[in-house]
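Taking it in order: structure first as structure tokens, then the write-up.
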Amino acid sequence: MQKYVFPEGFLWGAAASATQTEGAANEGGKGKNIWDHWYEIEPDRFYQDVGPSETSDFYHHYKEDIKRMKDINMNSFRTSISWSRLLPDGVNINQEAVDFYNQVIDELLKNDVTPIINLYHFDMPFHLQEIEGWENREVVESFAYYAKTAFHLFGDRVKRWTTFNEPIVPVEMGYLNDFHYPCVVDMKRAVTVAYHTMLASAMAIGEYRNMNQDGEIGIILNLTPSYPRSQDEADLKAAEIADLFFNRSFLDPSVLGEYPVELIQLLKEHDLLPQTFDGDHALIKENIVDFLGVNYYQPRRVKKKETPVDDSHGILPTHFFDSYIWPERRMNPHRGWEIYEKGVYDIAINIRDNYNNIPWYVAENGMGVSDEERFMDDSNMIQDDYRIEFYQEHLKWLHKGIEEGSNCFGYHVWTFMDNWSWLNAYKNRYGFYRVDINNQKRYLKKSGYWFKEVVERNGL
Ligand code: BGP
């Protein structure tokens, strides 16, 4: 018996990104991005030294892959354009890239799979990183030019765009921790990177609106609800600060057109405010998103600062709170992330109540598991019941959020087929399809088959 029916026209699909799936990193006239460069100079930073050059080779397999999307009833797919493939020198258009993206978009449409195209997924062109990447305000203009070029080339068929995927991640991983290139640990610089990214998003939205293309544009944020250890004032304050830094720093300006005053105040107190210019405020105010994509994997649990402050890198967000291990937590041990399905409901209600009930969709949700071959049956199908259960439980909570009035229009998983991950390469697998990276063969997993039926019934 069907218990959880989703709204008519609900988007069911999966997300991916250019760098993680295309491969062909040195083909088709593509320029280098920071991942290509970093792998060249420090291959040992990547799991088993596997870099971004081949990945799952979508560049050469897109046709069969899109057919595979259709086979499991996906009605939508999100991926990104590689900035360094489209504009290898930042200015001149690479015709081979145009041909490739045209073919991908046309093939998706031919198979009734609605494309959602994202412009930036962690992949700064290397020549722009050489002039300090997002720390340099000129790069904001370069991004706006890239965005405009993409709208011009593909906007006749792509009707849903997003400017950024998880813009806080390059800030957190590349400027507050040394996990992503350029491996800087400096909060003042991190704030500038975040601010310029936000300006770039607003400017791209402005370009899109000027072109009157009759579509919609949004941004994809990884919202990690911040749960305090207790209702004590100091724990509540800690959770509020974590929320300001990691959620509201992009959520408020993107949806409401303004930064939270509490965030500005906090940054000011610690002399962390970025340089601003006349017109910035209006740019952000006037260019809010039409819709929001939300990536949800795990919550953030915090308590007041109890451990000694390490100030070897000056001030950092971790000076304001400690992470808290909830005794009841359940973990995905492969990825080291807590599984907390209710988080998606809390997000739905937060958007309903505090963000004008803006249309939104789950843009990523998934479970990465290592050595999945352990679960392969005689027909080569991975029996990933754990993943099915993960999706089911999140969908139930999402459904409750929708029933209670949250304006959610879709659910995308991470991801369609196993793909390359930023640091973990092919360690943890997420796909509906298993990819054998030795021969690039794809095999449907049980979860893919399950998804097909969910879409058919538009529910569970
Ligand atoms: C998100 C990213 C994706 C993807 C996913 C899984 O944060 O948008 O690009 O990689 O997380 O994470 P990971 O690959 O680190 O396991």
Side-chain angles (χ1 to χ4, degrees), residues 13-23 33-35 38-39 45-48 50-52 55-56 58 77-83 116-124 162-174 176-181 197 201 218-225 246-247 250-251 292-300 331-339 343-344 347 361-372 384 386-387 390-391 394 411-432 434-435 437 447:
S17 81
T19 306
Q20 293 177 276
T21 54
E22 284 177 9
N33 65 32
I34 50 173
W35 296 94
W38 196 21
Y39 182 63
R45 291 292 303 254
F46 300 81
Y47 182 72
Q48 291 179 341
V50 174
T55 66
S56 304
F58 185 68
F77 174 59
R78 184 252 302 191
T79 190
S80 63
I81 292 175
S82 160
W83 187 355
I116 300 177
I117 300 296
N118 177 44
L119 293 170
Y120 189 91
H121 198 127
F122 308 170
D123 53 349
M124 179 62 76
T162 55
T163 54
F164 285 84
N165 173 78
E166 302 191 349
I168 196 71
V169 167
V171 177
E172 195 179 348
M173 305 294 265
L176 293 171
N177 290 284
D178 84 333
F179 299 144
H180 284 191
Y181 195 78
T197 309
S201 177
I219 192 165
I220 296 170
L221 304 178
N222 51 316
L223 298 183
T224 45
F246 293 108
N247 296 321
F250 281 99
L251 181 58
L292 196 62
V294 176
N295 296 352
Y296 175 67
Y297 291 88
Q298 56 167 346
R300 187 186 295 275
M331 293 294 285
N332 167 4
H334 307 274
R335 189 61 182 82
W337 286 346
E338 181 183 339
I339 299 177
V344 78
I347 289 170
Y361 82 113
V362 175
E364 283 180 31
N365 180 225
M367 187 181 182
V369 172
S370 315
D371 301 321
E372 284 200 307
D384 52 345
Y386 41 86
R387 181 169 290 114
F390 178 98
Y391 291 147
H394 282 85
Y411 178 77
H412 277 195
V413 306
W414 186 267
T415 181
F416 160 66
M417 62 176 164
D418 292 343
N419 66 27
W420 184 82
S421 154
W422 307 102
L423 299 179
N424 290 325
Y426 281 91
K427 175 183 172 288
N428 302 317
R429 306 300 185 96
Y430 287 84
F432 282 141
R434 174 169 76 93
V435 174
I437 55 167
S447 59

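For ligands, and for the atoms within them, numbers begin at 1 and follow the listed sequence.
- Counting only non-hydrogen atoms, the option in H334, M367, E364, Q20 that gets closest to atom 10 (O) of ligand 1 is Q20.
- In this structure, atom 16 (O) of ligand 1 lies nearest to the protein heavy atom Y430 OH, 2.5 Å.
- Ring pair F77/F58 is tilted by interplanar angle, where 30° to 60° counts as tilted.
- Ranking the protein heavy atoms by distance from atom 15 (O) of ligand 1 puts R335 NH2, 2.8 Å first.
- Using a 30° and 60° split on the angle between ring planes, H412 and Y361 fall in the perpendicular class, above 60°.
- A18 pairs by the side-chain contact (heavy atoms from CB on, under 4.5 Å) definition with E22, S80, S82, Y101, not counting sequence neighbours.
- Counting heavy atoms closer than 4.0 Å to ligand 1, residue F179 contributes nothing at all.
- Ranking the protein heavy atoms by distance from atom 14 (O) of ligand 1 puts S421 OG, 2.7 Å first.
- For ligand 1, the atoms sitting less than 4.0 Å from at least one non-hydrogen atom of W337 are 12 (O), numbered in the order shown with element in parentheses.
- Sequence neighbours left out, not one pair with a member in residues 162-171 passes salt bridge (charged side-chain N to carboxylate O under 4.0 Å, His left out).
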(request) Give the intermediate values and the outcome of ring-ring contact (aromatic ring centres under 6.0 Å, His included) for residues W35 and F122. (result) CA-CA 9 Å; W35 296 94; F122 308 170; 7.1 Å; no

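- Under 4.0 Å from ligand 1, the heavy atoms of N165 that appear belong solely to its side chain.
- Of all protein heavy atoms, the one lying nearest to atom 5 (C) of ligand 1 is Y297 OH, 3.3 Å.
- Distances below 4.0 Å separate heavy atoms of H121 from the following atoms of ligand 1: 2 (C), 3 (C), 8 (O), 9 (O).
- One side chain, N365 or Y411, offers a donor N or O that lies under 3.5 Å from an acceptor on the other.
- What sits closest to atom 7 (O) of ligand 1 on the protein, heavy atoms only, is E166 OE1, 2.6 Å.
- Under a cutoff of 6.0 Å and an axis angle of 45°, R300 and F246 form a cation-pi pair.
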